Structures are given as C-alpha cells and as structure tokens.
Amino acid sequence: MEVDRADGRNPNQLRPLACSCSILHRAHGSASWSQGDTKVLAAVYGPKAGTKKNENPEKASIEVIWKPRTGQIGKPEKEYEMILKRTLQSICILTINPNTTTSVIIQVVHDDGALLPCAINAACAALVDAGIPMKHLAVAICCCLAESGYCILDPTKLEEQKMKAFAYLVFPNSILSVLPEGSSLVQGEPMEHGIITSVTHGAMSVDDYFHCLERGRAASAKLSDFLRRSLQSKLPGGLSKAG
C-alpha cells in the first residue's frame, strides 16, 4: 500500500542528510548531523583519567549527557541517554584505554522527528572525529508503523504522532576501520546482517517488526555510504577499506 507523505517522499525515502565534523574547537571531537529539519550536535571529551563509579576499572567508560533544546531533561531523555550509552559501548573498543572516561554530550538543535537516530549518527561521527578506537561504525534509522499497517522510514514529527508503533534500529556500517582481516563474521553471519540496537515502542506484531527490520536494513546502505563520505578524511586509510 502506498502512502502520501506531506513532504512528497515515498515510504522508503530518507530526508536530506547533512554532516559536519570538527565544528567545536574545545571538544576533542564534534559533529553535527541533520535529517531534514531535525538537527543534533555531538561533542566528545576524553578519554579522561578515571572511570565513573561502579564502572569496570579494566575497561574504558562512556558517559552520555543529553541536553534538550529547551527546558529540563525528562524521562524520555533519560531513556535516550541509556540507549545511546549502550549503543556506543558496543561499537567502541573499551580495552584500549582502561580506567578512563569518555564523555559524549548531545545537544538537540531542532526536533522534527527521528531524534534519537540522528543523535546516534551524530555521536558516531563525533567519536571518529575524536579518534576514539572503534570496532566499526554504526548507522541508526527510525521505522514507523501506521494503523493501516504500512511502514515508513525517517518520519517527521507530525508523522511520528500519527503512527501506532515505531522502531529505532542501529546497524553496523560495512566499513571496517580497525578490525583485523577475517573478523567481518559475527557468529558465522556477515557483519552487515547484524543489528546493534533495536528499541520498539507501541504495538507491533513479529511480522511487522521483521518488515521494519528489512526496510531499515535496506535504507541503512544509503546512510552508511553518506557516513563514509562524510568521514573520509578521518578514517584510517580513507575509503580503501570500504566494504
């Protein structure tokens, strides 16, 4: 079933993407990420000596601080912080700088839908800009499900409000920046078949979820290509290791 979107996009079409790195001079790494009118800034400070309380002193620690555009941080922002922290911990190599903390600050500039995926993409670009050791890059996308069952990607704020359910999906980028040769298999599966983070809200059947997963994975190739081009000068060997 086809759906008419207010901005004229087809269901699988992403909004225009924009990414800039090294935009904050006092941060060790920084990036802005935009999808349509949604824009997020990410700043990375560290690694700094000492881990946070209750962290493993034999591994590096990552803390995430979410700053809304206006007002105080609430329950949704706290959830975003937790999801972002777990996602970044899974893609960073935490054994290289043990007993250190890297802080990732997320500043919301404007929210017009798919805010968390934009923040994850911005944070990933900022970590690369800061030279933080990473297993691989990652790209995030939001997939929404309407009452009638159709599925759309990268929703605007207005579209989000009309949907019955949505999923935040984070996929590994096909580029291998620091992994040794032959390590592109995870439990026998190619890395690009995997998923790093999956968070759902609302009522969604198993079939609907796998449909969202299929749509999201297909669109992640465009995001991955855009991220690689945006970070070309920052990655080891440029694009020579692009998958």
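Since we're looking at a predicted model, the values are computed, not measured. Along the sequence shown, the residues carry numbers beginning at 1. Side-chain atoms are counted along with the backbone in the values below, which use heavy atoms only and exclude waters and symmetry mates.
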Asker: Checking Ala140 now: which residues fulfil side-chain contact (heavy atoms from CB on, under 4.5 Å) with it, not counting sequence neighbours?
Answerer: Pro117, Ile120, Asn121, Val170
Asker: Test side chain to side chain contact (heavy atoms under 4.5 Å, CB included) on Leu231 and Cys21; report intermediate values, then the result.
Answerer: CA-CA 8 Å; Leu231 301 176; Cys21 292; 3.4 Å; yes
Asker: Examine distances only and state if a side-chain atom of Glu160 and a backbone atom of Ala114 form a donor-acceptor pair shorter than 3.5 Å.
Answerer: yes
Asker: Output the distance between atom OG1 (Thr197) and atom CZ (Arg86), rounded to the nearest 0.5 Å.
Answerer: 9.5 Å
Asker: Taking the side chain as every heavy atom from C-beta outward, state whether Asp129 and Val44 have any atom pair closer than 4.5 Å.
Answerer: no
Asker: Listed by chain and number, what are the side-chain contact (heavy atoms from CB on, under 4.5 Å) partners of Glu214, not counting sequence neighbours?
Answerer: His211
Asker: With sequence neighbours excluded, give me every salt bridge (charged side-chain N to carboxylate O under 4.0 Å, His left out) pair touching residues 136-145.
Answerer: none
Asker: Quick one: salt bridge (charged side-chain N to carboxylate O under 4.0 Å, His left out) pairs with a partner in residues 103-114, sequence neighbours left out?
Answerer: Arg15-Asp112, Asp111-Lys157
Asker: Would the number of heavy atoms belonging to other residues, nucleotides or ligands and lying under 6.0 Å from NZ of Lys59 be above 12?
Answerer: no
Asker: Which atom names give the shortest non-hydrogen contact between Ala125 and Ala31, and what distance separates them?
Answerer: CB-CB, 3.7 Å
Asker: What pair of heavy atoms forms the shortest contact from Lys135 to Cys92, and how long is it?
Answerer: CE-O, 3.6 Å
Asker: Which residues satisfy the side chain to side chain donor-acceptor pair (under 3.5 Å) test with Lys85, sequence neighbours excluded?
Answerer: Glu55
Asker: Asn12: which residues meet the side chain to side chain donor-acceptor pair (under 3.5 Å) condition with it, sequence neighbours left out?
Answerer: Arg215
Asker: Using side-chain heavy atoms (C-beta onward) and a distance below 4.5 Å, is Pro133 in contact with Asn97?
Answerer: yes
Asker: How close do Ser32 and Lys39 get, heavy atom to heavy atom, and via which atoms?
Answerer: CB-CE, 4.1 Å
Asker: Given the rule in the side chain to side chain contact (heavy atoms under 4.5 Å, CB included) test, do Met204 and Cys212 qualify, once you have shown the distances and angles that lead to the verdict?
Answerer: CA-CA 10 Å; Met204 183 182 295; Cys212 286; 4.2 Å; yes
Asker: Answer with yes or no whether the hydrophobic clustering places Phe166 together with Leu223; edges join I, L, V, M, F, W, Y residues whose side-chain heavy atoms lie under 4.5 Å apart.
Answerer: yes
Asker: First locate atom CD of Glu79, then atom CG of Leu84, and finally report the distance between them rounded to the nearest 0.5 Å.
Answerer: 12.0 Å
Asker: Between Leu115 and His110, what is the shortest heavy-atom contact and its length?
Answerer: CD1-O, 4.5 Å
Asker: Is there side-chain contact between Met134 and Cys124, with at least one heavy-atom pair below 4.5 Å?
Answerer: yes
Asker: Which atom pairs, one a donor and one an acceptor, fall under 3.5 Å between side chains of residues 61-74 and the rest of the protein, sequence neighbours left out?
Answerer:
from: Glu63; atom 1: OE1; to: Lys52; atom 2: NZ; distance (Å): 3.2
from: Glu63; atom 1: OE2; to: Ser103; atom 2: OG; distance (Å): 2.4
from: Arg69; atom 1: NE; to: Val109; atom 2: O; distance (Å): 3.3

Asker: Any donor and acceptor pair, going by atom type alone, linking the side chain of Arg9 with main-chain N or O of Asp154 inside 3.5 Å?
Answerer: yes
Asker: Rounded to the nearest 0.5 Å, how far apart are CE of Met82 and NZ of Lys78?
Answerer: 11.5 Å
Asker: Taking Thr38 for its side chain and Gly113 for its backbone only, find out whether a donor-acceptor pair lies under 3.5 Å.
Answerer: yes
Asker: If you measure from CZ on Phe226 to CD on Gln35, what distance do you get to the nearest 0.5 Å?
Answerer: 9.0 Å
Asker: Check the pair Ile196, His136 against side chain to side chain contact (heavy atoms under 4.5 Å, CB included), reporting the backbone distance first and the verdict last.
Answerer: CA-CA 11 Å; Ile196 297 169; His136 48 74; 3.5 Å; yes
Asker: Got a sec, which residues hit ring pair (Phe, Tyr, Trp, His ring centres under 6.0 Å) with Phe210, two or more places apart in sequence or on another chain?
Answerer: none
Asker: Nearest 0.5 Å, please: how far is OG1 in Thr102 from CG in Leu127?
Answerer: 7.5 Å
Asker: Would you give the length of the straight line joining atom CG of Leu227 to atom SG of Cys19, rounded to the nearest 0.5 angstrom?
Answerer: 6.5 Å
Asker: Linking I/L/V/M/F/W/Y whenever their side-chain heavy atoms sit closer than 4.5 Å, directly or via other members, would Tyr80 and Ile106 fall into one cluster?
Answerer: yes
Asker: Before you tell me yes or no, could you show the steps for Ile141 and Phe171 under side chain to side chain contact (heavy atoms under 4.5 Å, CB included), namely the whole-Å CA-CA distance, both residues' side-chain angles and the distance that decides it to 0.1 Å?
Answerer: CA-CA 8 Å; Ile141 195 164; Phe171 299 97; 4.1 Å; yes
Asker: Show me the pairs that pass salt bridge (charged side-chain N to carboxylate O under 4.0 Å, His left out) and involve residues 204-213, at least two apart or across chains.
Answerer: none
Asker: Kindly check if the number of other-residue, nucleotide or ligand heavy atoms within 6.0 Å of CD (Gln161) is above 12?
Answerer: yes
Asker: Please determine whether residues Ile23 and Ile105 belong to a single hydrophobic cluster, defined as Ile, Leu, Val, Met, Phe, Trp and Tyr linked transitively by side-chain heavy-atom distances below 4.5 Å.
Answerer: no
Asker: Who are the side chain to side chain donor-acceptor pair (under 3.5 Å) partners of Asp225, not counting sequence neighbours?
Answerer: Arg229
Asker: The criterion is side chain to side chain donor-acceptor pair (under 3.5 Å); which residues satisfy it with Tyr209, sequence neighbours excluded?
Answerer: Ser198
Asker: Shortest non-hydrogen contact from Cys144 to Met163?
Answerer: CB-CG, 3.3 Å
Asker: Please report the closest heavy-atom contact between Cys118 and Val40, naming both atoms and the distance.
Answerer: CB-CG2, 4.1 Å
Asker: For Leu24, check side-chain contact (heavy atoms from CB on, under 4.5 Å) against everything at least two apart and list the hits.
Answerer: Ala27, Ser30, Ala43
